[in-house]
Amino acid sequence: LRLEQFDQALLAFNNALSLIPGFTDARNNRGAAYLSIGQYHLAEVDFVAVLGDSTYPHRKQVYYNLGMSYLQRGEDGAAEENFRKAIILPNPVFDAYLRLAVLAQRQGELDLSLSLLEEAKLNFPDRQEIPLELGKLLMLMDRPDEARPYLEQVIVAAPASPAADTARALLGQT
């Protein structure tokens with residue numbers, strides 16, 4: 001799965017599940033493989049089955065994965081519901097914040113998007129994606145003075161990165 005050899009991964013997970021049908025990690029990973037190859041319904045079936053195991057320790061990641069399967073099918077409401085479950089403390093899933101922020105922006109709820117990104121910043125202060133996303137959103141909200149420090153932070157953190165190029169473009173520095 002990590003090598004993106006999805007056919008081989010699916011064979012391995014199917015073999016594991018034929019030997020131990022209740023092997024929740026194998027079912028979750030098979031769902032992730034299905035998600036990677038665009039088999040969203042099959043991914044959903046596996047993720048829902050995994051969530052049926054109340055002892056599974058990585059449930060928030062499963063909610064995120066299930067949200068992604070819905071998002072890919074254009075079912076934004078179901079995606080949002082699962083992403084929200086993925087950000088419940090403790091141990092929220094970082095990417096769920098980003099997906100929720102994008103969904104809020106699509107719905108014209110820019111303040112909600114900002115609130116989600118600020119919460120993500122509090123919970124994940126070292127994640128470099130957040131300042132860029134905050135800067136982009138604040139520029140979209142026509143608040144360039146608030147956006148500037150975030151975008152400058154992106155440039156300072158990794159001056160030669162594509163993120164820094166985006167930040168420079170937003171600041172009008174080419």
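- More than 12 heavy atoms of other shown residues, nucleotides or ligands fall within 6.0 angstrom of atom CD in Glu109.
- Rounding to the nearest 0.5 Å places CG of Leu117 at 11.5 Å from CG of Leu122.
- A donor-acceptor distance shorter than 3.5 angstrom exists from the side chain of Arg59 to the backbone of Leu51, with no hydrogens or angles considered.
- The distance from the CZ atom of Arg30 to the CG atom of Asn14 is 5.0 Å, given to the nearest 0.5 Å.
- Connection of Ile155 to Ile130 is not established within any shared hydrophobic cluster, with ILVMFWY side chains joined at heavy-atom distances below 4.5 Å, either directly or through further cluster members.
- Atom CD of Glu4 sits about 12.5 Å away from atom CD1 of Ile37, to the nearest 0.5 Å.
- The two atoms that bring Met139 and Pro144 nearest to each other are SD-CA, 3.6 Å, heavy atoms only.
- Shortest non-hydrogen contact noted between Ala101 and Leu116 is N-CD1, 3.8 Å.
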Original post:
Could you go step by step and tell me if Phe6 and Gln39 meet the side-chain contact (heavy atoms from CB on, under 4.5 Å) rule?
Top reply: CA-CA 11 Å; Phe6 302 117; Gln39 296 291 324; over 6 Å; no

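- Remark: side-chain polar atoms of Asn82 are paired, donor with acceptor, to backbone N or O of Ala78 under 3.5 angstrom.
- Remark: the backbone N or O of Leu110 is not paired with any side-chain donor or acceptor of Ser113 at under 3.5 angstrom.
- Arg27 places a side-chain N or O within 3.5 Å of a backbone atom of Pro21 that can act as its donor or acceptor partner.
- Inter-residue side-chain proximity for Val48 and Glu44 is flagged as met; some heavy-atom pair is nearer than 4.5 Å.
- Here the CG atom belonging to Leu112 is positioned 8.0 Å from the CD atom belonging to Gln107, to the nearest 0.5 angstrom.
- Across every non-hydrogen atom of Leu132 and Ala163, the tightest pair is CD2-CB, 3.8 Å.
- Distance check, rounded to the nearest 0.5 Å: CZ of Arg168 to CG of Asp165 gives 5.5 Å.
- Judged by distance alone, with hydrogens and angles left aside, the side-chain atoms of Asn28 form no donor-acceptor pair with the main-chain N or O of Thr24 at under 3.5 Å.
- Linking ILVMFWY side-chain heavy atoms closer than 4.5 Å, directly or via other members, places Tyr40 and Leu66 in a single hydrophobic cluster.
- One hydrophobic cluster, built from ILVMFWY side chains closer than 4.5 Å, holds both Tyr150 and Phe124.
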**OP:** Begin from the C-alpha positions of Lys121 and Glu133 and carry the test side-chain contact (heavy atoms from CB on, under 4.5 Å) through to its verdict.
**Re:** CA-CA 10 Å; Lys121 184 175 181 254; Glu133 293 305 316; over 6 Å; no

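- Counted by atom type alone, Tyr56 and Asp25 present one or more donor-acceptor pairs between their side chains at under 3.5 Å.
- Residues Leu1 and Ala32 share a closest heavy-atom pair of CD2-CB, 4.0 Å.
- Contact annotation: the side chain of Gln105 approaches that of Leu140 to within less than 4.5 Å [non-hydrogen atoms, C-beta and beyond].
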Original post:
Can you check side-chain contact (heavy atoms from CB on, under 4.5 Å) on Asn29 and Asp46, steps first, answer last?
Top reply: CA-CA 9 Å; Asn29 289 336; Asp46 275 344; over 6 Å; no

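- Closest non-hydrogen pair, Gln128 versus Ala157, comes out as OE1-CB, 3.3 Å.
- Placement of Tyr70 and Val50 within a single hydrophobic cluster is found when ILVMFWY residues are connected by side-chain heavy-atom separations under 4.5 Å, directly or transitively.
- The hydrophobic clustering, which links ILVMFWY residues whose side-chain heavy atoms are closer than 4.5 Å, places Val154 and Leu134 apart.
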**OP:** Applying side-chain contact (heavy atoms from CB on, under 4.5 Å), run through Leu137 and Met141 and close with a yes or a no.
**Re:** CA-CA 6 Å; Leu137 178 58; Met141 296 172 79; 3.8 Å; yes

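- Scanning both residues, Gly135 and Leu151, for their nearest heavy atoms gives CA-CD2, 3.7 Å.
- Within the 4.5 Å cutoff, no side-chain heavy atoms of Gln153 are placed close to those of Val156.
- With rounding to the nearest 0.5 Å, the separation of OH in Tyr34 from NE2 in His41 is 11.0 Å.
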For residues 84-100, dump all side-chain donor-acceptor pairs below 3.5 Å to protein atoms at least two apart in sequence or in another chain.
unit_1	atom_1	unit_2	atom_2	d
Tyr97	OH	Glu119	OE2	2.9
Tyr97	OH	Asn123	ND2	2.8
Arg99	NE	Tyr64	OH	3.4

